[in-house]
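Before any comments, here is the structure.
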Number of protein chains: 2
Amino acid sequence: MTDLKPFFEIENATGAGSAVIVCEHASNDLAATAAGLGLDPVQREAHIAWDPGALGLAQGLSALLDAPLIRATASRLIYDLNRPPDAAGAMPEKSEIHPIPGNRALSPDERLSRTEAHYLPFHSALFALLSRRLAVSKPTALITVHSFTPVYFGNPRAVELGIIHDEDDRLARAIAARPTGLMTRLNEPYSAADGVTHTLALHATPLGLAHAMLEIRNDLIATPAAQGQWPSASPP
Amino acid sequence: MTDLKPFFEIENATGAGSAVIVCEHASNDLAATAAGLGLDPVQREAHIAWDPGALGLAQGLSALLDAPLIRATASRLIYDLNRPPDAAGAMPEKSEIHPIPGNRALSPDERLSRTEAHYLPFHSALFALLSRRLAVSKPTALITVHSFTPVYFGNPRAVELGIIHDEDDRLARAIAARPTGLMTRLNEPYSAADGVTHTLALHATPLGLAHAMLEIRNDLIATPAAQGQWPSASPP
């Protein structure tokens with residue numbers, strides 16, 4: 001058996017806080033692919049390859065809440081960890097207006113290979129982390145951190161902070177009620193009905209965990225300074 | 001790292017059918033415990049230690065449907081694989097009227113140890129099996145097989161076949177509509193609200209799989225002959 005390089009990292013694994021932070025789109029690394037899936041350098045930095053700013057924000061929350069953080073170390077375009085293996089969006093042929101040449105007409109073997117290399121290890125590790133906490137009655141809220149682009153298919157988005165939930169809306173509502181100074185909306189710019197809550201559905205709902213998916217407009221967290229300021233603007 | 005004996009088996013892993021069969025309570029094996037958790041020989045054979053007859057039935061369905069089968073090889077009393085790690089029923093101090101001496105006042109370390117030895121490997125293996133099928137678009141219905149005791153807390157149960165579901169009732173309704181000659185009820189003798197659909201909630205619902213939990217009254221499948229006859233009475 002070859003040594004498989006895992007495509008995720010866990011930081012602050014023994015964090016004593018009451019949350020676990022997840023950043024599925026933390027990375028735009030395409031090194032594991034042939035020719036970067038055929039993207040040009042501008043595309044590789046864009047919102048289609050990852051969620052710009054989300055990792056810095058997630059790390060800030062991890063420190064603030066003393067929470068473990070699990071983050072992807074490969075691009076969502078190789079495998080989008082917030083999608084199940086049969087979803088077209090898991091290994092998309094197109095993202096917004098951009099064709100992804102290296103994802104065209106993937107064979108079943110290639111889909112299986114990416115599922116085994118990316119999806120299974122990430123979600124197995126997260127499942128183990130959460131299950132171990134539950135076994136010893138550690139309170140655990142699951143918070144996933146994402147960013148979205150200010151303009152999508154030509155449409156500007158006014159919302160600045162979207163808070164999305166799966167079956168249980170209580171943590172989402174509690175976060176939405178906090179004074180952040182941001183234009184905040186529940187279930188925008190997406191909701192569970194748009195198929196964007198897979199991580200929450202896979203882990204939070206079956207384990208009965210309070211949960212929320214934070215979607216921050218990426219122009220608000222474009223620099224490390226901006227990413228670091230945002231969590232401290234919302235004291236616990 | 002010591003060699004951990006896994007407490008499950010997968011049969012017919014490459015089965016070409018459209019279902020995966022799960023039998024969480026297939027075994028009453030207490031060999032991994034000190035003094036069999038303090039149970040007497042009669043209790044070890046009773047419904048509290050496992051689901052009598054369920055394994056034979058599950059294996060019959062696995063053959064009939066050419067479906068992979070994942071089955072526990074340790075008793076539900078050590079860890080009930082159809083419960084999350086923070087549930088009292090995962091490692092119950094009492095089952096129906098029977099105290100389980102070896103489960104009294106379990107420490108967090110012991111709960112963690114059993115979660116790591118039983119719950120994590122079983123559900124990680126099932127997750128991997130299902131995810132790999134989805135990656136290559138194999139149709140996959142998840143069917144879990146259980147049996148229940150004819151008398152519970154002194155109350156006789158008239159239902160003979162209960163079909164329970166989590167979020168999606170379509171397969172359950174389709175199975176309930178089949179002529180089996182059995183007194184059949186949806187969501188009896190339990191429903192999802194009773195906390196008995198963890199495996200379905202963990203795997204079927206987030207992956208969008210058709211699913212059903214079959215609960216057969218154990219007097220109807222008390223012998224291998226009875227277990228083997230039942231599936232063939234319901235041709236696909």
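Note that CD1 of A:Ile164 and CG of A:Asp194 are 8.5 Å apart. Values are rounded to the nearest 0.5 Å.
Contacts with chain B were tallied for A:Val136, A:Leu200, A:Leu120, A:Leu130; A:Leu120 has the most, counting heavy-atom pairs under 4.5 Å. Your options are B:Glu110, B:Arg111, B:Glu167, and the one with the most heavy-atom pairs under 4.5 Å with chain A is B:Arg111.
For residues 80-107 of chain B, the interface with chain A (any heavy-atom pair closer than 4.5 Å) comprises B:Pro84, B:Pro85, B:Asp86, sorted by residue number.
Between the side chains of A:Asp29 and A:Ser75, not a single donor N or O lies within less than 3.5 Å of an accepting N or O. For the residue pair B:Asn187/B:His165, the side-chain donor-acceptor check at 3.5 Å is satisfied.
Using a 4.5 Å heavy-atom cutoff, the side chains of B:Leu39 and B:Leu77 are in contact. Contact of the A:Ser131 side chain with the B:Tyr119 side chain is registered, since non-hydrogen atoms from C-beta on lie closer than 4.5 Å.
A:His123 and B:Phe127 have perpendicular rings, their planes meeting at more than 60° on a 0 to 90° scale where under 30° would count as parallel. Ring orientation note: the planes of B:His146 and B:His25 are nearly perpendicular, at an angle over 60° on the 30°/60° scale.
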